[in-house]
Student: 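Dropping a structure here in structure tokens format, bear with me for questions.
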There are 2 protein chains.
Amino acid sequence: MAPVIERRSIQFSLDPKSGVPYYKQIILQVEFAIADGRFATGDQLPTVRSLAVELKINPNTVARAYNELEIRGIVTTQQGTGTFISEKQLQLTEVEREGALDGLIRPLITKAASYGFTMNEVLTAVREGFEGMEHREDSES
Amino acid sequence: MAPVIERRSIQFSLDPKSGVPYYKQIILQVEFAIADGRFATGDQLPTVRSLAVELKINPNTVARAYNELEIRGIVTTQQGTGTFISEKQLQLTEVEREGALDGLIRPLITKAASYGFTMNEVLTAVREGFEGMEHREDSES
DNA sequence: CCTATTGTATTAAAGAACTAGTACACTACA
DNA sequence: TGTAGTGTACTAGTTCTTTAATACAATAGG
């Protein structure tokens, strides 16, 4: 058999009934794939057209998802070339990183506290959440 | 001077320019006040009409906020009587509590990991977030 | 009872969000 | 240089969200 070329790629899918807009579903799936190890720095995402065909939606909808991901610094796009997982995380300053994390966490704290959860409960749940992720550290080529 | 009757009440306010819908702003302020200690179990919230007048909005908008809070189990409402901070948190089963917490935390984990934050960074930020809250444990009459 | 006070239901209007159609612009490479 | 492949801009139409106007229903207390 011919050797299978190892291309990082993930299986996208949309749920029209979920009420979650398509472009957000795409964003979430990319974020999850990164968190997961299925996408890594430098990997190319499907082109807007190919993913649009695959998902049977308009290219602009894919483009919108990619755009938001770029604004968040998660991907980098080059017109004419493609969209790639960014290396920007490593370039953020400490202050920027802390600010971003704070923005993610602050609403969680408030809600958790309103629901009566203690700090330790939240800490434990976060720890378990991370551990349940099973980073797939596949050998890199 | 006449003694001031200690009525738990919070100062609500709306920012029309924030882009956050009024009913969500109200929900957030109630949640925050609970997390904060300014509202405690059994306290009565302002009536839908009084708060509507105070904020110069329609009573239905306040009612919607209170409704969502009730769905989430944070308040209890009785037609003809009023809306009160619920005691339900304490009545949830362990399983229900864990499920609720998981729902809050799972999106955070994914996003934090996508942004390249480590588990320890997140744990530290959560800890600091809780500690910065300064629960106001006022004496309960 | 009856009245004042509470939350609720129904409907409608304004605006924002979402998706798609179509045409444009940049890049790589033969 | 020209062609195929990439992302982008502009526009329009539909749907959903949000808020409000108005009328209804339940409770508490004289």
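Just so it is clear: chains get the letters A, B, ... in the order the sequence lines come, proteins before strands, and each one is counted from 1. Values in this document were obtained by computation on a predicted structure and should not be read as measured data.
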Student: Side chain of A:E70 only, please: which of D:dT8, D:dA25, D:dA20 is the nearest?
Tutor: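 The answer is D:dT8.
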Student: Quick check: on DNA chain D, is the nucleotide nearest B:K56 upstream (toward 5') of the one nearest A:V48, or the reverse? Name the residue that is more 5'.
Tutor: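 Nearest nucleotide further toward 5': that of A:V48.
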Student: It should be established whether A:K24 places a side-chain nitrogen or oxygen under 4.0 Å from OP1 or OP2 of nucleotide C:dC18.
Tutor: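 Result: yes.
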Student: Starting at atom CG of B:N58, determine the distance to atom P of D:dA23, rounded to an integer number of angstrom.
Tutor: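 Those two atoms, CG and P, are 13 Å apart.
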Student: Would you indicate, yes or no, if C:dT19 has its OP1 or OP2 atom less than 4.0 angstrom from a side-chain nitrogen or oxygen of A:Y23?
Tutor: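 The answer is no; no side-chain N or O of A:Y23 sits under 4.0 Å from OP1 or OP2.
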Student: Roughly how many Å is it from CZ in B:R64 to C1' in D:dT18, rounded to a whole number?
Tutor: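 Spelled out: CZ on B:R64 to C1' on D:dT18 is 6 Å.
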Student: Got a donor-acceptor pair under 3.5 Å from the side chain of A:R49 to the base of D:dG5?
Tutor: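 A donor-acceptor contact between them is absent.
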Student: I need the CD-C1' distance between A:Q78 and D:dG7, as an integer number of Å.
Tutor: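 Those two atoms, CD and C1', are 11 Å apart.
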Student: Between A:R38 and A:D36 (salt bridge meaning N to carboxylate O under 4.0 Å), is one present in this structure?
Tutor: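 Salt bridge between A:R38 and A:D36, a charged N being under 4.0 Å from a carboxylate O: yes.
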Student: Answer yes if the side chains of B:S18 and B:Q25 hold a donor-acceptor pair under 3.5 Å, and no otherwise.
Tutor: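 The criterion, which ignores hydrogens and geometry beyond distance, is satisfied for B:Q25 and B:S18.
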Student: Any side-chain N or O of A:T77 under 4.0 Å from OP1/OP2 of D:dT8?
Tutor: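 Answer is yes, contact under 4.0 Å.
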Student: Are the side chain of A:D43 and the backbone of A:F39 linked by a donor-acceptor contact shorter than 3.5 Å?
Tutor: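 Side chain of A:D43 to backbone of A:F39, a donor-acceptor pair under 3.5 Å: no, none is there.
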Student: Any side-chain N or O of A:T61 less than 4.0 Å from the OP1 or OP2 oxygen of C:dA20?
Tutor: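 Indeed, a polar side-chain atom of A:T61 lies that close.
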Student: May I have the distance from B:F84 (atom CZ) to C:dT6 (atom P), rounded to whole angstrom?
Tutor: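 Value for this atom pair: 10 Å.
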Student: Indicate yes or no for a side-chain donor-acceptor contact from A:T124 to the backbone of A:N120 under 3.5 Å, with no hydrogens or angles considered.
Tutor: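 Yes, because the side chain of A:T124 sits within donor-acceptor range (under 3.5 Å) of the backbone of A:N120.
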Student: D:dG7, OP1 or OP2 - any side-chain N/O from A:Y66 closer than 4.0 Å?
Tutor: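 False: A:Y66 side-chain N/O out of range (4.0 Å or more) of D:dG7 OP1/OP2.
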Student: Quick one: A:L51 CG to D:dT6 C1', roughly how many Å, whole number?
Tutor: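 To the nearest whole Å, that distance equals 14 Å.
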Student: Could you work out which one of C:dG7, C:dT27, D:dT8 sits closest to the side chain of B:Q79?
Tutor: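 It is C:dG7.
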Student: Is a salt bridge present between A:E68 and A:R72, judged by a nitrogen-to-oxygen distance below 4.0 Å?
Tutor: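 Judged by the 4.0 Å cut-off on N to carboxylate O distance, A:E68 and A:R72 do form a salt bridge.
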Student: At less than 4.0 Å, is any side-chain N or O atom of B:N60 found next to OP1 or OP2 of D:dA20? Yes or no.
Tutor: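 Result: no.
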Student: C:dT8, C:dT19, D:dA20: which one has an atom nearest the side-chain heavy atoms of B:Y22?
Tutor: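 Selected nucleotide: D:dA20.
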Student: Without decimals, in angstroms, what is the distance between B:E68 CD and D:dT17 C1'?
Tutor: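 To the nearest whole Å, that distance equals 11 Å.
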Student: In terms of the nearest nucleotide of DNA chain D, which residue is placed more toward the 5' end: A:T83 or B:P21?
Tutor: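 Its nucleotide being nearer the 5' end, the pick is A:T83.
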Student: Whole Å only: how far is the CG atom of B:N67 from the P atom of D:dT19?
Tutor: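 Rounded to whole Å, this separation is 14 Å.
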